[in-house]
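These notes concern the structure reproduced below.
So you know, we letter chains A, B, ... as the sequences are listed, proteins then strands, and number each from 1.
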Amino acid sequence: MTQFNDLNLDPKVLKAIAEAGYETPTPIQAGAIPPALEGRDVLGIAQTGTGKTASFTLPMITLLGRGRARARMPRSLVLCPTRELAAQVAENFDTYAKHTKLTKALLIGGVSFKEQDALIDKGVDVLIATPGRLLDHFERGKLLLTGVQIMVVDEADRMLDMGFIPDIERIFGLTPFTRQTLFFSATMAPEIERITNTFLSNPEKIEVARAATTGENIKQGVVKFAPSRKDRESAEKRALLRRLIDAEGEACTNAIIFCNRKMDVDIVAKSLKKYGYNAEPIHGDLDQSQRTRTLEGFRSGDVTILVASDVAARGLDVPSVSHVFNFDVPSHAEDYVHRIGRTGRAGRKGTAVMICSPRDEKNLEDVERLVQSQIPRLDNPLGTTAADETPDEAEERPRRGRSRRVERNAPKAAERDAKAKPEQSKPEQSKAEQPKAEQPKAETVTEVQQPRPAPAPEAKAEQPRAQQRGRSGRDRRRDDADEQVVGMGEDVPAFILKSFKERRAG
DNA sequence: AAAAAAC
């Protein structure tokens, strides 16, 4: 098997890779690095979680190793759709370029121009940017792109969704024809295809499917929710969310909760905090410093629940998320795939639970058509009809969740996660809650046997684990899977290999 | 109808 040492990378880069603890490149890295080092254009079709970022940072650092940056003329450029993603790429550069003298600047919105200007003036080897802020700098005459030798476009399909393609085309036009282009997208939509035909020259195409999307390692479930009274809807929905989180018990080490609206992100986060959960909101209206702080806290484990808009649906590298909760059914079906793709990364187990209100039914149909299977129905722990009491009041005793303790009841899970996060804060279980025996935490969600249709809804919530299928072989948890991407290219559900357009077409 | 990204 190919090792990083076989890849002709700069010894300084190899040293940093070894120090970071890596030996074996992922398939996208093994495929993209050699042609990139030869100076060829690369078209990488890969999702996040495949090691995509290093597949362009490592050869870039090697190629830029010689030469020096001139004032206002960066030698390379990486474009990302969101600020967080750009910041992540910048971190990656810091890690792998630490033994070199290369300089970099991160140009993203929401922060002052001053520091960014100062760095550009000094001259940088690598510029990492979101399109808006980059063009802003350019228009102020602070930046020349005629010295760009390598240009990277990351998450191109998301750029497309966000309407950045005209900006990207414009930026392409500002760089020299002779540049090398490394282009990454999760899917090849027709518009993406057009861009690559226009701006890439005889690219080496590397296509890698991720094993872990909605395949066997993400357990999915959906809970139908109908409020007892209209004016209680939002409070009851939040109460249901808490019950669903609690039902997962110790298995839920950290989670992302997605809401469709920024306002709901704020409300849900605030409500969870009130009930003693360690939750923080993240969405585009929060200021950048808070977004950064929250994300850092979530990565480090200081924050265990991230309540997020779709700003966090794609691209964000949050290792080892055990659960995704969809507070709403996403209105764009493809967002479902991206959202639940935040869990079950790198061959690990993941759980994705979604709440579906009557008005979300249509969106649910769209999602199920897209993934070409029925998402197993879970029992509503609050009951299907009117509750006798307002759930918010019923559980009003706030639970103390600040203390950190090691997992007690789940030694295996604790072992597995020991490397990543030996401790975690957990809300205390309220006495008012139903006995665990009736609500076994690991069995609340049924395994998806795709593309086999889900079993009858009634049967599965209480089904003992031993009777569930699909637990053999690869399906088992890996103890050492922390950073390694495993099972690549195998057992990929057919739909994930198709473009979203093809999926919609059925 | 919403979210993201520029001021």
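- A sub-4.0 Å separation between OP1 or OP2 of B/dA6 and a side-chain N or O of A/Thr130 is present.
- Atom P of nucleotide B/dA2 and atom CG of A/Asp360 are separated by 14 Å, given to the nearest angstrom.
- Note on A/Asp121 versus A/Arg72: salt bridge recorded, some NZ/NE/NH1/NH2 to OD/OE distance being below 4.0 Å.
- Nucleic acid contact for A/Gly163: none, since no nucleic acid atom lies under 4.0 Å from a heavy atom of the residue.
- A/Phe172 and A/Phe183 have parallel rings, their planes meeting at less than 30° on a 0 to 90° scale where 60° marks the start of perpendicular.
- Taking atom CD on A/Glu155 and atom P on B/dA5, their separation rounds to 13 Å, with Å as the unit.
- Among the heavy atoms of the strands, none lies under 4.0 Å from A/Pro131.
- Look at CG on A/Leu107: it is 10 Å from P on B/dA6, rounded to the nearest Å.
- Remark: A/Glu91 pairs with no residue by the side-chain hydrogen bond (donor to acceptor under 3.5 Å, both in side chains) rule, at least two apart or across chains.
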Kindly indicate, with the supporting measurements, whether the criterion side-chain contact (heavy atoms from CB on, under 4.5 Å) is fulfilled by A/Val307 and A/Phe327. CA-CA 9 Å; A/Val307 188; A/Phe327 188 71; over 6 Å; no

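- One atom, CG of A/Leu79, and another, C1' of B/dA6, lie 15 Å apart when rounded to the nearest Å.
- Contacts of A/Phe138 with the nucleic acid, taken as non-hydrogen atoms under 4.0 Å apart, are absent.
- Within the 4.0 angstrom heavy-atom criterion, no nucleotide atom of any strand lies near A/Arg359.
- Nucleic acid contact class of A/Asp136 (heavy atoms, under 4.0 Å, all strands): base.
- Between B/dA3 and A/Arg83, no contact under 4.0 Å exists linking OP1 or OP2 to a side-chain N or O.
- Listed by first then second residue, pairs satisfying side-chain hydrogen bond (donor to acceptor under 3.5 Å, both in side chains) with a partner in residues 139-149 of chain A read A/Glu139-A/Arg170, not counting sequence neighbours.
- In this structure, the NE2 atom of A/His283 is 13 Å from the C1' atom of B/dA2, given to the nearest Å.
- Atom P of nucleotide B/dA2 and atom CG of A/Asn363 are separated by 13 Å, given to the nearest angstrom.
- A donor and an acceptor atom sit less than 3.5 Å apart, one in the side chain of A/His332 and one in the base of B/dA2.
- Atom OH of A/Tyr336 is separated from atom P of B/dA3 by 21 Å (rounded to the nearest Å).
- Between B/dA4 and A/Ser309, a contact under 4.0 Å exists linking OP1 or OP2 to a side-chain N or O.
- Spacing between atom CD of A/Gln288 and atom C1' of B/dA5 amounts to 11 Å, rounded to whole angstrom units.
- If you check B/dA3, B/dA4, B/dA5 against the side chain of A/Phe164, the one that comes closest is B/dA5.
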